[in-house]
Asks: 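Structure below; questions to follow.
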Amino acid sequence: MLKIPSHQVAGHHASSRTRGPLIDDSGHFYKPLQGDERGSAEVTFYKQFSSNTKIPDHIRKFFPVYYGTKVMNASDGSEHPHIVLEDLTSNHENPTIMDVKIGSRTWGPEASDEYIAKCFKRDRETTSVQLGFRISGLQIYINEEVGFYKPARDFVLKSSLDDVRLLFKKFVSSGPFDETGLGPDRGWASVVYGGLNGILAQLLELKAWFEDQTLYHFCACSLLLMFEKELALEGGSPNAQVKIIDFAHVTEGRGVIDHNFLGGLCSLIKFISEVVGDHEDHKTQDGDDQ
Ligand SMILES: O=P(O)(O)O[C@@H]1[C@@H](OP(=O)(O)O)[C@H](OP(=O)(O)O)[C@H](O)[C@H](OP(=O)(O)O)[C@H]1OP(=O)(O)O
Ligand SMILES: Nc1ncnc2c1ncn2[C@@H]1O[C@H](COP(=O)(O)OP(=O)(O)O)[C@@H](O)[C@H]1O
């Protein structure tokens, strides 16, 4: 049975009047092709990438599995082609998720002046220009009683650098946080961001590839950061995952490093490292966290 994904944090949403992603019970995510060249560009990327023998296996795991395209009933009732992907959230019960759009510039070399102006405005109004990335959306699982903290899109996009730092702290907070009271405790920072299989280790693995790869330029792509808080609560690994999504503006690398993505990735790594470092410092100094 097809349904609207409950764990989508950004992008175009499905409703009875708008076409948006759908999921099924077998772990598939159906993304409707956008009517203009963006839809075909994303299909072209997935086809090319899936059969590209130059992609190392340890890098392929960062991308959703591509199952082809399918014409099917869209959320708005119309017949429409969809990209069929692995549903990255299908194995998660209550995933905490953040969509981070990477790059200080979110338009490709072929973009029209009008589109560049629109993107440039958005990049300047958000943290993209300043930080090399922006948060596009997020959800944080609090507990069974409260459910998810899922701030509205406009609120997230308005975030300043300090707000973004706070959101990265809230992302790994172990308990409910109160907007007016004490800040988030960052209780899961070391197990989610840090550690051998944590988000930082995965970002560093990706960075090593981006320092070398000149096959693609991943313009306006997002990194999806995910983990399962309840697994950590049970004393296990929180299953932290990093995935790359949204390839509507990918272009050929033509032998040139993707400095826009690489720069954003380096900045994100430093930013998250500071949240972890800060947390560790507080623990050492006070025996407690602030
Ligand atoms: O239309 P906007 O201004 O909401 O921008 C969309 C972006 O929203 P954001 O600015 O990041 O909140 C939106 O970003 P998210 O996926 O929400 O991160 C997409 O980038 C979308 O572009 P495309 O469908 O991938 O080509 C963007 O749409 P287009 O600019 O391509 O129309
Ligand atoms: N393969 C996937 N599995 C699960 N969720 C996904 C997948 N791809 C995207 N999403 C969710 O959908 C959102 C929007 O995806 P995206 O590809 O960026 O769409 P758009 O082109 O509309 O911006 C992401 O923020 C994420 O929450």
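Predicted model, so just to flag it, every value in this text is computed and none were measured. Every number for a ligand or one of its atoms is a count from 1 in the order of the listing. Counting begins at 1 with the first residue of the sequence.
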Asks: With heavy atoms under 4.0 Å as the rule, classify the contact between Leu88 and ligand 2 as side chain, backbone, both or neither.
Replies: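 Both the backbone and the side chain of Leu88 come within reach of ligand 2.
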Asks: If the cut-off is 4.0 Å to any non-hydrogen atom of Asp99, which atoms of ligand 2 fall inside it?
Replies: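 Going through ligand 2 atom by atom, the ones under 4.0 Å from Asp99 are 24 (C), 25 (O).
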Asks: Before signing off on this row, confirm whether Val9 and ligand 2 have an N or O atom pair separated by under 3.5 Å.
Replies: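 Yes; at least one N/O pair falls below 3.5 Å.
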Asks: Please determine whether the number of non-hydrogen atoms from other residues, nucleotides or ligands lying under 6.0 Å from atom NZ of Lys61 exceeds 12.
Replies: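 Enclosed.
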Asks: Does an N or O from Pro64, backbone or side chain, lie closer than 3.5 Å to an N or O of ligand 2?
Replies: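 No; the residue has no nitrogen or oxygen that sits under 3.5 Å from a nitrogen or oxygen of the ligand.
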Asks: Using heavy-atom distances only, which candidate in Gln8, Lys101, Arg38, Lys243 approaches atom 12 (O) of ligand 2 most closely?
Replies: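 Answer by nearest heavy atom: Gln8.
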Asks: Does CD in Glu125 sit with more than 12 non-hydrogen atoms of other residues, nucleotides or ligands closer than 6.0 Å?
Replies: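 Yes - once you tally the heavy atoms of other residues, nucleotides and ligands closer than 6.0 Å, there are more than 12.
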Asks: Considering only heavy atoms of Glu86, which atoms of ligand 2 have at least one such atom less than 4.0 Å away?
Replies: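 Atoms satisfying the 4.0 Å criterion: 1 (N), 2 (C), 3 (N).
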Asks: Does the side chain of Ser160 pick up a donor-acceptor pair with the side chain of Asp162 at under 3.5 Å?
Replies: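 The criterion, which ignores hydrogens and geometry beyond distance, is not satisfied for Asp162 and Ser160.
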Asks: Provide the number and element of each atom of ligand 2 under 4.0 Å from a heavy atom of Asp87.
Replies: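 Answer for ligand 2: 3 (N), 4 (C).
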Asks: What do you reckon, does Glu42 have a nitrogen or oxygen under 3.5 Å from a nitrogen or oxygen of ligand 2?
Replies: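 In fact, backbone or side chain, Glu42 has no N or O that close.
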Asks: Is the closest N or O pair between His12 and ligand 2 shorter than 3.5 Å?
Replies: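 Yes, there is a polar N/O contact under 3.5 Å.
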Asks: Has Glu252 got more than 12 heavy atoms of other residues, nucleotides or ligands less than 6.0 Å from its CD?
Replies: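 No.
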Asks: Can you list the atoms of ligand 2 that are under 4.0 Å from a heavy atom of Lys31?
Replies: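 Contacts of ligand 2 toward Lys31, numbered from 1: 16 (P), 17 (O), 19 (O), 20 (P), 21 (O).
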Asks: For atom CG of Asp24, is the number of surrounding heavy atoms from other residues, nucleotides or ligands below 6.0 Å larger than 12?
Replies: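 Yes.
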Asks: Tell me the contacting part of Asp246 for ligand 2: side chain, backbone, both, or neither, using a 4.0 Å heavy-atom threshold, strictly below.
Replies: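 The answer is both, backbone and side chain.
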Asks: Decide if atom CG of Asp113 counts as having more than 12 heavy atoms of other residues, nucleotides or ligands within a radius under 6.0 Å.
Replies: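 It does not: Asp113 CG has 12 such atoms or fewer within range.
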Asks: Is the positively charged end of Arg60 above the ring of Phe49, judged by distance under 6.0 angstrom from the centroid and angle within 45° of the axis?
Replies: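 Judged by the rule, Arg60 and Phe49 form a cation-pi pair.
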Asks: In this structure, is the centre-to-centre distance between the rings of Tyr46 and Phe63 below 6.0 Å?
Replies: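 Centroid distance Phe63-Tyr46: not below 6.0 Å, so no.
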